[in-house]
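Just below is one structure, and these are the notes that go with it.
Sequence lines set the chain letters: A, B, ... in the order given, protein chains first and strands last, and positions in each chain run from 1.
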Protein chains: 2
Amino acid sequence: MTVEKDYQTELTIGDVTIDRQDVEMLAAIDDHGSMHAAADALGRSYARLQRRVVALEDAVGAVTERRRGGADGGGTELTPVARDLLRQFERHQTELDGVARATASVFPGTVVDRTGELGTVETPVGRIVALVPADDSSVQVSVRSDAVVLSASSGSADGAGAKEQTTAQTSLRNQFTGTVAAIDAADAIASVTLDLGEGQSLQTVITRTSLERLALESGADVQASFKATAARAIPVAEDG
Amino acid sequence: MTVEKDYQTELTIGDVTIDRQDVEMLAAIDDHGSMHAAADALGRSYARLQRRVVALEDAVGAVTERRRGGADGGGTELTPVARDLLRQFERHQTELDGVARATASVFPGTVVDRTGELGTVETPVGRIVALVPADDSSVQVSVRSDAVVLSASSGSADGAGAKEQTTAQTSLRNQFTGTVAAIDAADAIASVTLDLGEGQSLQTVITRTSLERLALESGADVQASFKATAARAIPVAEDG
DNA sequence: CGCCGTTGTATCGCCATGGACATAACGATG
DNA sequence: CATCGTTATGTCCATGGCGATACAACGGCG
């Protein structure tokens, strides 16, 4: 039994919420130039569609310019407001698509310190500074794989010295060293799995160019860094 | 007229989708120990709630253990499967909450090169290597503020040399220099707005500790870096 | 063995959603 | 002025979601 994480995007303006169906409706009107043709194309009833357009305009303002009469009988065109709405919806959706599809690595831990939204979480692989939401002590820290920065661990300077230096001049608060456990390279993007020890692994997505530039290969040592604001702690229930 | 970006999280298992209402229902059953009490607490009808539980079990499997009879008349308890569902839903939601609340900076541009999912986008502030979805040339590049790494620009080495060196040993493909335009510091987290020139700005969220460590103040020069896999290009309609 | 409070199940009715259909208004064109 | 295809609006009806109610089944307990 597989569980699919899903979501429905929508835009709320005042007291109406525009969902995917509304967006498809507006797009169809834009495509066909009339509400009748749009309703026909969508397999919906004209009456319902027209009512919805009126409802939207009541709440949002002028969304369409509707003409009736004339040689062609009239027609309906979208206003810039409507096009802007379509753009915003599209962008909202693709943004969520992007972040929702991205894989994440999860580390169990306990919150040992807290300052405002920020906290320090004790995990098997060390302490992670992350965003901690409410007042929970038992949490899971989730790190999106597109937020993890890899850097060569075998540079000229090595060990704690290099680490100190790097953290001192960037805003990367979390830094771990690990060995490359697996590389899954596609055309332009490669997924790299790091073994951090203690049975914990960290997933990263980097470009193939970076993969080659860092000369990564299975078993190699690398440093993985990520910002505290990219790590999010999620409360976990105490029971099993 | 403000537009609120919103979304409804849900879990899809087979042919049923569990939405927030279902989750609240299960949680109420867990709280009160019986479906009657849960329906009462939620202000819903018992019949409807009971039907929903049956429907869920038809699709998901044993979600509750329902006993009838006995001194107390019986009761309903959640199975570990149900608790696991609740956890998954909660985690899914907080994950989306986290990334959806995060602000993002947007740069208009055109795709000038493409390799698989990856592409190079020409923007007013320079070229950005980003994930480009479909075959569009006119795009907007969106960079989440929690994915931007700041580093001191006024280090010992300066200019192109330092830039080359940094990019060579990390997986950060995009690097820009800018001046701090605004700092909005909260308890533990600060929002930093960079001016990249050409009327473009880049927003970043960093910890207050990093803010102090980098000695950032308005007008200071900093280097902002982000991974190509953290930048997403979104197609934009050609018309206005 | 009856009591009790719960779970199971069926049925009715209300109401919102939405399609099907009819009718009017509109305005350029012939 | 009639035509024509569209918009605008109202009415009817089917469907589904959901509350309300009723009744049976259950099983420990007094």
Side-chain angles (χ1 to χ4, degrees), chain A residues 8 10 12 15-79 81-82, chain B residues 8 10 12 15-79 81-82:
Chain A
Q8 303 289 331
E10 50 191 35
T12 303
D15 49 354
V16 294
T17 67
I18 298 178
D19 57 4
R20 177 171 19 241
Q21 196 184 32
D22 292 324
V23 168
E24 286 172 356
M25 177 185 73
L26 290 179
I29 291 175
D30 195 26
D31 277 355
H32 298 85
S34 88
M35 305 201 300
H36 242 100
D40 215 35
L42 292 177
R44 300 180 54 185
S45 74
Y46 167 78
R48 197 74 205 153
L49 185 142
Q50 190 264 351
R51 270 177 235 275
R52 182 59 182 166
V53 170
V54 172
L56 285 185
E57 299 215 315
D58 282 350
V60 180
V63 170
T64 61
E65 187 170 347
R66 289 167 285 177
R67 296 170 291 101
R68 59 179 171 182
D72 56 351
T76 298
E77 293 200 349
L78 298 190
T79 64
V81 174
Chain B
Q8 303 289 330
E10 50 190 35
T12 302
D15 51 354
V16 293
T17 68
I18 298 179
D19 58 5
R20 176 170 20 241
Q21 196 184 32
D22 292 323
V23 169
E24 287 172 355
M25 178 184 73
L26 290 179
I29 292 176
D30 195 25
D31 278 356
H32 297 86
S34 88
M35 308 202 307
H36 244 101
D40 215 34
L42 292 176
R44 299 180 54 184
S45 74
Y46 166 78
R48 196 68 209 159
L49 186 143
Q50 191 264 352
R51 265 179 238 274
R52 183 58 183 167
V53 170
V54 172
L56 285 185
E57 300 214 313
D58 281 351
V60 179
V63 170
T64 61
E65 187 169 348
R66 289 166 284 179
R67 296 169 290 100
R68 59 178 169 182
D72 56 352
T76 299
E77 294 200 347
L78 298 189
T79 64
V81 174

Nearest-Å distance, [atom1] ([X]) to [atom2] ([N])?
| X | N | atom1 | atom2 | value |
| --- | --- | --- | --- | --- |
| B/Asp72 | C/dC4 | CG | C1' | 10 Å |
| A/Gln50 | C/dA22 | CD | P | 18 Å |
| A/His32 | D/dT7 | NE2 | C1' | 17 Å |
| A/Arg66 | D/dG5 | CZ | C1' | 17 Å |
| A/Glu65 | C/dG27 | CD | P | 13 Å |
| A/Leu49 | D/dA8 | CG | C1' | 13 Å |
| A/Ile29 | D/dT7 | CD1 | C1' | 12 Å |
| B/Arg52 | C/dG8 | CZ | P | 16 Å |

Legend entry - Exercise: identify the closest heavy-atom pair between A/Arg66 and A/Val54: NH1-CG2, 3.6 Å

Legend entry - Heavy-atom closest contact (A/Ala62 atom, A/Val81 atom, distance): O-CB, 3.6 Å

Legend entry - A/His36 side chain near D/dT7 phosphate (N/O to OP1/OP2, under 4.0 Å): yes

Legend entry - Phosphate contact (D/dG27 OP1 or OP2) by B/Arg67 side-chain N/O below 4.0 Å: no

Given [options], which nucleotide is nearest the side-chain atoms of [X]?
| X | options | answer |
| --- | --- | --- |
| A/Ala71 | D/dT7, C/dT29, C/dG8 | C/dT29 |
| A/Tyr46 | C/dT7, C/dC21, D/dA8 | D/dA8 |
| B/Ser34 | C/dA10, C/dT6, D/dA8 | C/dT6 |
| A/Thr76 | C/dT9, D/dG19, D/dT7 | D/dT7 |
| B/Ala47 | C/dG8, C/dA10, D/dG10 | C/dA10 |

Inset, instruction - Would you confirm whether B/Glu57, through its side chain, and B/Thr64, through its main-chain N or O, come within 3.5 Å as a donor-acceptor pair? - result: yes

Inset, instruction - Examine distances only and state if a side-chain atom of A/Thr79 and a backbone atom of A/Val63 form a donor-acceptor pair shorter than 3.5 Å. - result: yes

Legend entry - Any donor-acceptor N/O pair under 3.5 Å between D/dG10 base and A/Arg51 side chain: yes

Inset, instruction - May I ask you to verify whether the side chain of A/Arg68 and the base of D/dT6 hold a donor-acceptor pair under 3.5 Å? - result: no

Inset, instruction - Could you pick out which residue, B/Gln21 or A/Gly74, lies toward the 5' side of DNA chain D when each is mapped onto its nearest nucleotide? - result: A/Gly74

Inset, instruction - Would you classify B/Arg48 as touching base, sugar-phosphate or nothing, given that sugar-phosphate means primed atoms plus P, OP1 and OP2, and contacts are heavy atoms under 4.0 Å? - result: base

Legend entry - 4.5 Å side-chain heavy-atom contact, A/Met35 and A/Val53: yes

